[in-house]
A.B. asks: 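Can you read through this structure? Questions will come right after.
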Amino acid sequence: MPGLRLDNNGTAMIAKDQLDKERLPRHVAIIMDGNGRWAKKKGNPRIFGHKNGVTAVRDTVEAAAELGIEYLTLYAFSTENWNRPRTEVDALMALLVATITKETKTLMDNKVRLKVIGDIDSLPDTVAQNLQATLNKTKDNKGLTLVLALSYSSRWEIVSAVKQLAEDVKQGRIDSEDIDAKVFESYLNTADMPDPELLIRTSGEYRISNYLLWQIAYSELYFTSTLWPDFRREHFYEALADYQNRERRFGKTSEQIATEPNENS
Ligand code: IPE
Ligand code: IPE
Ligand code: MG
């Protein structure tokens, strides 16, 4: 068939125009996993995989921006990743600085606003300074918001939120009786962001690894065996198409959903 695209396994892939533009998620979160295994398969050191992961990031960000998706949250470095060998951590931090500096122009060209969630204070000064410069530069962009989860873990985020909330109760700024889910969410790093409708994890691992635990309460989960450095916009479209075939019920019955237009988008 002319124009038919095949993935590595010979499976037909979804094209952008096959997606229903009216039913795209507002927020997609991705656990970018498999860089180390990708490099190892090619007989290279792990950092080679991280470097090649940047191409996948660029392609996915461009695709999300083009589609008009509002938020894309990428898990780039977890709290637990600090426990990796020092050489890998240092190389990842250096790669981060180099990438942020190099990609700022692409972000501007695509009207992308950068945002960071995580324990920014734990990042080396050079990383923090570079990040801050790009955050400032892109802050008025009105297109996609690209959220980097850096030195992030969900339990860290939740505990930080609880501490701040407890302090506000102690200082009389809020009454404990008034705490509800909405109030609690406003203390998270993701305050003001919609919850992700779709969470993608690459590399064939079926776990969440301390990512957005509160926010993914009702997210659709999509797992693919593709290793992150091989992930391209076609894989992203595939995940979005899969999402569009799901029925999101939020505890209701299928029959109720069928009679409530727009509830399943
Ligand atoms: C994901 O790839 C990137 C980071 C966690 C920074 P990995 O480095 O976890 O690659 P694998 O899972 O070991 O293959
Ligand atoms: C999760 O991947 C963190 C990132 C993608 C940044 P990991 O590779 O660190 O997760 P585990 O250790 O396999 O659960
Ligand atoms: Mg991994």
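We count ligands from 1, going down the list as the structure has it; atoms in each ligand are counted the same way. None of the values given here were measured: they were computed from a predicted structure.
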A.B. asks: I need the atoms of ligand 1 closer than 4.0 Å to a non-hydrogen atom of His50, numbered in the order shown.
C.D. replies: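 Those of ligand 1 that fall under 4.0 Å from His50 are 3 (C), 8 (O).
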
A.B. asks: Strictly under 2.8 Å, is the Mg ion (ligand 3) approached by any N, O or S atom of Glu205?
C.D. replies: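 False for Glu205.
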
A.B. asks: Can you tell me if Ser203 and Asp33 form a side-chain donor-acceptor pair at under 3.5 Å?
C.D. replies: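 A pair is found: one side chain offers a donor N or O, the other an acceptor, under 3.5 Å apart.
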
A.B. asks: Please state which protein non-hydrogen atom is closest to atom 2 (O) of ligand 2 and give its distance, to 0.1 Å?
C.D. replies: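 Going by distance alone, atom 2 (O) of ligand 2 is nearest to Arg201 NH2, 3.7 Å.
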
A.B. asks: To the nearest 0.1 Å, how far is atom 6 (C) of ligand 2 from its closest protein heavy atom, and which atom is that?
C.D. replies: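 Here the nearest protein heavy atom works out to Tyr75 O, 3.3 Å.
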
A.B. asks: Check step by step if salt bridge (charged side-chain N to carboxylate O under 4.0 Å, His left out) holds for Arg248 and Glu197.
C.D. replies: CA-CA 9 Å; Arg248 307 191 71 207; Glu197 292 94 334; 5.2 Å; no

A.B. asks: Look at atom 14 (O) of ligand 2 and say which protein heavy atom is nearest, naming residue and atom and giving the distance to 0.1 Å.
C.D. replies: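 Nearest neighbour among protein heavy atoms for atom 14 (O) of ligand 2, to 0.1 Å: Ser209 OG, 2.6 Å.
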
A.B. asks: Give a yes or no answer on whether the side chain of Asp242 reaches the backbone of Glu238 with a donor-acceptor pair at less than 3.5 Å.
C.D. replies: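 No.
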
A.B. asks: Is the backbone N or O of Glu177 less than 3.5 Å from a side-chain atom of Asp175, with the two atoms forming a donor-acceptor pair by type?
C.D. replies: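 Yes, the answer is positive, given that a donor and an acceptor are paired below the 3.5 Å cut-off.
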
A.B. asks: Under 3.5 Å between some N or O of ligand 1 and some N or O of Trp38?
C.D. replies: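 N/O-N/O distance under 3.5 Å: no.
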
A.B. asks: Mark the output for Glu205 as yes if a heavy-atom distance to ligand 2 is under 4.0 Å, and as no if none is.
C.D. replies: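 No heavy atom of Glu205 comes that close to ligand 2.
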
A.B. asks: Using a 4.0 Å heavy-atom cut-off, say whether Phe77 meets ligand 2 through its side chain, its backbone, both or neither.
C.D. replies: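 Under 4.0 Å from ligand 2, Phe77 contributes backbone atoms alone.
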
A.B. asks: As a test of reading the structure, name the N/O/S atom of Asp33 that is nearest the Mg ion (ligand 3).
C.D. replies: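 Among the N, O or S atoms of Asp33, the one closest to the Mg ion (ligand 3) is OD1.
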
A.B. asks: Nearest protein heavy-atom contact for atom 7 (P) of ligand 2: which residue, which atom, what distance?
C.D. replies: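 I find the closest protein heavy atom is Arg84 NH2, 3.8 Å.
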
A.B. asks: Among all the protein's non-hydrogen atoms, which is closest to atom 5 (C) of ligand 2, and how far away is it?
C.D. replies: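 Going atom by atom, the protein heavy atom closest to atom 5 (C) of ligand 2 ends up being Met32 O, 3.3 Å.
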
A.B. asks: Starting from atom 10 (O) of ligand 1, find the nearest protein heavy-atom neighbour and note its residue, name and distance.
C.D. replies: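 In this structure, atom 10 (O) of ligand 1 has Gly36 N, 2.9 Å as its nearest protein heavy atom.
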
A.B. asks: Check for me whether Lys40 has a heavy atom closer than 4.0 Å to any atom of ligand 1.
C.D. replies: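 False for this residue.
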
A.B. asks: Can you find a non-hydrogen atom of Gly34 under 4.0 Å from ligand 1?
C.D. replies: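 Distance cut 4.0 Å: Gly34 passes for ligand 1.
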
A.B. asks: Is it true that Lys16 and Glu234 make a salt bridge, defined as a side-chain N closer than 4.0 Å to a carboxylate O?
C.D. replies: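 Salt bridge: no.
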
A.B. asks: Is it the case that Arg113 and Thr138 place a side-chain donor and acceptor less than 3.5 Å from each other?
C.D. replies: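 Distance-only check fails for Arg113 and Thr138.
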
A.B. asks: Under a plain distance cut-off of 3.5 Å, with no hydrogens placed, do Trp38 and Asp230 share a side-chain donor-acceptor pair?
C.D. replies: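 Yes, because at least one side-chain N or O of Asp230 sits under 3.5 Å from a partner of the opposite role on Trp38.
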
A.B. asks: How far is atom 9 (O) of ligand 2 from its nearest protein heavy atom, and which residue and atom name does that atom have?
C.D. replies: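 Among all protein heavy atoms, the one nearest atom 9 (O) of ligand 2 is Asn81 ND2, 2.9 Å.
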
A.B. asks: If we set the cut-off at 4.0 Å for heavy atoms, which region of Ala76 has an atom near ligand 1: side chain, backbone, both, or neither?
C.D. replies: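 Just the backbone.
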
A.B. asks: With a 3.5 Å cut-off and no angle check, do the side chains of Gln215 and Glu157 form a donor-acceptor pair?
C.D. replies: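 Side-chain D/A pair, Gln215 to Glu157: present.
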
A.B. asks: Identify whether the distance between the nearest side-chain nitrogen and carboxylate oxygen of Arg249 and Glu255 falls below 4.0 Å.
C.D. replies: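 Judged by the 4.0 Å cut-off on N to carboxylate O distance, Arg249 and Glu255 do not form a salt bridge.
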
A.B. asks: Of all the non-hydrogen atoms in the protein, which one sits nearest to atom 13 (O) of ligand 2, and at what distance?
C.D. replies: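 Checking every protein heavy atom, the shortest distance to atom 13 (O) of ligand 2 gives Arg207 NH2, 2.8 Å.
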
A.B. asks: Is it the case that the side chains of Thr224 and His235 hold a donor-acceptor pair, with the cut-off being a distance below 3.5 Å and no angle test?
C.D. replies: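 No, no side-chain donor-acceptor contact under 3.5 Å.
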
A.B. asks: Which residue in the set Phe223, Tyr222, Tyr211 passes side chain to side chain contact (heavy atoms under 4.5 Å, CB included) when paired with Arg201?
C.D. replies: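 When Phe223, Tyr222, Tyr211 are each tested with Arg201, the side chain to side chain contact (heavy atoms under 4.5 Å, CB included) holds only for Phe223.
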
